[in-house]
Amino acid sequence: MGILEVKDVGKRFGGLQALGDVNLSVKEQTCHAIIGPNGAGKSTLLNCLVGKLIPDTGSVMFDGSSVLGRSPHEINQMGISRVFQTPEIFGDLTVMENMMIPLFAKRDGAYRLHAIESVDSEKSLIEQAHQMLEEVNMIDKRDMHAASMSRGDKRRLEMAMCLVQNPKLLLLDEPTAGMARADTNNTIDLLKEIKEKRDITIAIIEHDMHVVFSLADRITVLAQGTPLVEDTPENIKGHPKVQEAYLGETQQV
Amino acid sequence: MFGLEKKDANLLLFVAALAIFAPFILNPFPEGSAMAQFNAGYPDLMQRFAIFGIFAIGFNILFGLTGYLSFGHAAFLGVGSYAAVWMFKLLSMNVIPAIILAVIISGLFALVIGYVSLRRSGIYFSILTLAFAQMCFALAYSVLTPITGGETGLQLALDDPRILGVSQTPEGNIPVPGLFGLEMRESFEMAVGPWVFTFNIGYYFCAIIMLLSFYLAIRIFRSPFGMMLRAIKSNQQRLNYTGLNPRPYTLAAFVISGMYAGLAGGLMASMDPLAGAERMQWTASGEVVLMTILGGVGTLIGPVLGAGLLKYMENILSKINKGVLEGWFSFMPDGMSDTFVFLTNLFVGKQWHITTGVIFMLVIIFLPGGLVELGKRISGMFRKKDDDNTKSAKAEPAE
C-alpha cells in the first residue's frame, strides 16, 4: 500500500474526458514520475491531488485518509507540498519572509492571530529558515526581494519553502520547465540530495526525459487521460507502447 | 524601546513629537498677519487631524497590507458615532465608555459586512462594501430614524436619562462630554509676542488615542499576522498551498480596521456630541481612500500624513474666498490682478476639490508611493550626494 493511492479517478470538462479511470500508487520514500504527451491529463491529475479540482469519480487517499473535498490548505496541512510549473512565491516579500510563512503554517496551523509579538522574536523558526536557506545555497540572498531574483533562484526558493515544512509528499509540476541546461542539472542534483537526506516521497510531472530518468524510481506513462503503463525506468525506456505514444515522438524532434 | 525596533521606535517618537507640538507647528504665522489664514492650529481642525489619522491608519491595515480596497469604511465611522452618542444619552458624558461601545459595535458590523464581502476579492469586494455602506446610510436616513435621528441626526437632549450622570447641569444646559471632569472643549491659550497658541483638552485626548493606535499598527505590521496579510496581497495561491487559510486573516484585518474606524467615529462624537447619516456616505469612504493613497499605501506614517494633508486642504483652502484673493493680487495692475484672481479662484473656496483632485492625480502619476515616497526620494538625493563624497574619498567598490 502506497502513501498516495489514486483509485479510478475520472474528471470530465464539458465534452472532454480529461481523466478516465486513473489508478496510481506511490510508494513511500520513492520518486514516482508521471510522464505523457501534452494534454495527457498530467496537470489535471495533479490538481485533483492537491484540492484544486475535485474528481468526478474515484478516490484519492493520502496516508490513510481521503483528500477529496478538502481545500488546498487542508491538504497541505496533511503533509503534501506542491511546487508549481512557474514558481509561485511571495514576490513582494523578502526571501527570509518567504521562508518564515511556511514555518508559521507548519507550527501554528491554517490560522492563528498572532498580531502583537514581532516576527523577529521567533528565534527557533528563524534558525530553521536559515538552515534551509543554507542547504539550498541562498543564505546570502536572505534580504532580497523575492520578485527581483532570477527564475532559477525563485524555483530554488519555492522548493526550499516546500521542504522547510518537512512534507511527507512533495509534488513537483515540471520543476525544470524553461530552465537552462545548467540550472536543470542543478535542480536534479538538489532533488537527488533531498531524496537521500530526507524521508520524503516525491511525485514529479516532467517533460524532460533527462530529469525523469535521473530521478525516478518508478514511472507512470499517461496518455489521453489513462495510464498506459507503469514500470521501472529501465523497462519504460524499452517499452514499445511508450516509444510509440511518447518517447518516439520526442526522439524524432 | 516599547518592544519595537529602533527604526520603528524613532518613527513613533517622531509622530509623538508632531502630535505634542502640533499647536506650535500648525500655527507658524503671527495672529492677525496676512498669512494667519494658513494657520491650522485651532482645536477643531487639530482634532480632525488626529481623528482622521486614526481612521486612515486603520484603513491602511486592510488596504495597505492585504490590498483589499474597501469602499465602505465610512459606515463603521458612522456606526461608531451613533454608538458613542447613545452612550452619552443613556449612560454618562464620560468619553471612555462611549468610545469603548463605539469600537465594539463597529467591530460587530465589520464582522458581518466583512464575512459576506470577503467572499469576493478585487473590484467585487469593493462594490460589495460600497453597497453595504450605502445601505447603512439609506437605513440611517429612513427606517432607522428612531435610532439615528434620521435627517436631523442624533443629538443630545435635556431629558436624556444618563443613568450615571446628570440629565442637565444645574444651569439647565446639556452637559458636555468629558473625561473624569476634564471637559473636551476646554482649551487655554498661550500668547508669545504676536503668536497665539491654543491647547485643547479634546485635541490632546485624540492625539493620545492616535498615538496608541499608531503604536498598535506598528506592532501589527511587524507581527506574523502582518506578514501573512502582506503575503495575501502578494500571492494568495501560494498561501493556500502553504497550508494557510487566507479568509480568517483577511476577516481579522477587516474587523480590526473597522474597529479603528469606529474608534475614530466615537472620538468625533466625543468632540462634538452629535452624529448624522452623512458621515456614512460613500464620499466619506472615498476620502479615507484618498488619504491613504496620498500619504502612501502600506507605509506606517503615510496615512497619518495623508489625513493631515487632505484635512488641511479641506479646511484652509475652502476658507480662501474672492475677497482674500483680491487682497493678495492688489499689488498688480488692474486687468492683471482680475485675471489672477479669476484663475486662482478656480482652485480655492468652494472649488477646493479641484485642487485636491489635481494633487491626487499628480501623486498617482509621479509619486505612486505617496508623500512617503516623496520623502524617500528627497532623502535619497541627499544620501546619494553623501555616498558620492565618501566613495571618492575611500574608493570603495559599490555593492
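Lettering of chains follows the sequences in order, A, B, ..., and the numbering in each one begins at 1.
Residue B:Tyr68 qualifies as enclosed at atom OH: its count of foreign heavy atoms under 6.0 Å is above 12. Applying the 6.0 Å contact sphere to NZ of B:Lys376 captures no more than 12 heavy atoms from other residues, nucleotides or ligands. For CZ of B:Phe14, the number of neighbouring non-hydrogen atoms (other residues, nucleotides, ligands) closer than 6.0 Å is 12 at most.
Interface remark: B:Ala252 contributes side-chain atoms only to the contact with chain A (heavy atom separation under 4.5 Å). If you measure heavy-atom distances from A:Val83 to chain B, the contacts under 4.5 Å come from the backbone alone. For B:Leu216, the part lying near chain A is the side chain, with the backbone staying farther off; criterion is any non-hydrogen pair under 4.5 Å. Interface remark: A:Met100 contributes backbone and side-chain atoms alike to the contact with chain B (heavy atom separation under 4.5 Å). Of the two parts of A:Ile75, neither the backbone nor the side chain holds a non-hydrogen atom closer than 4.5 Å to a non-hydrogen atom of chain B. For chain B, the nearby parts of A:Glu97 are the backbone and the side chain; heavy atoms of each come within less than 4.5 Å.
Taken from CG in B:Asn240 to CD in A:Glu74, the straight-line distance is 10.5 Å, to the nearest 0.5 Å. Remark: A:Gln77 CD to B:Asn245 CG distance equals 10.0 Å, nearest 0.5 Å. With rounding to the nearest 0.5 Å, the separation of OH in B:Tyr241 from NZ in A:Lys52 is 5.0 Å.
Here the closest non-hydrogen pair linking B:Tyr249 and A:Arg112 is OH-N, 3.2 Å. The nearest pair of heavy atoms linking B:Pro224 to A:Ser118 is CD-C, 4.3 Å. Heavy atoms only, all atoms of each residue included: A:Glu158 and B:Arg238 are closest at OE2-NH2, 2.7 Å. In this structure, B:Asn235 and A:Ile89 approach most closely via the heavy-atom pair ND2-O, 3.0 Å. The minimum heavy-atom distance linking B:Thr242 with A:Gln165 is given by the pair O-NE2, 3.0 Å. Closest non-hydrogen pair, B:Ser223 versus A:Ile116, comes out as CB-N, 4.0 Å.
Counting heavy atoms from C-beta outward, B:Met227 and A:Ile101 have side chains that approach closer than 4.5 Å. Within the 4.5 Å cutoff, side-chain heavy atoms of A:Phe90 are placed close to those of B:Leu239. Proximity of B:Arg230 to A:Asp92: side-chain heavy atoms (C-beta onward) are nowhere separated by under 4.5 Å. Between A:Tyr111 and B:Met228 the shortest side-chain heavy-atom distance does not fall below 4.5 Å.
Between A:Glu117 and B:Arg219, no side-chain nitrogen of the basic residue sits less than 4.0 Å from a carboxylate oxygen of the acidic one, so the salt-bridge criterion is not met.
Within residues 111-126 of chain B, no residue approaches chain A closer than 4.5 Å by heavy atoms.
Residue with the most contacts toward chain B among A:Ala147, A:Ala105, A:Ala115: A:Ala115 (heavy-atom pairs, distance under 4.5 Å). For the options A:Pro72, A:Ser71, A:Cys162, heavy-atom pairs under 4.5 Å to chain B are most numerous at A:Pro72. Top candidate by heavy-atom pairs under 4.5 Å with chain A, chosen from B:Arg247, B:Lys233, B:Gln237, is B:Gln237.
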Please lay out, stage by stage, how A:Asp120 and B:Glu5 fare under the test side-chain contact (heavy atoms from CB on, under 4.5 Å). CA-CA 10 Å; A:Asp120 297 335; B:Glu5 269 185 39; 2.5 Å; yes

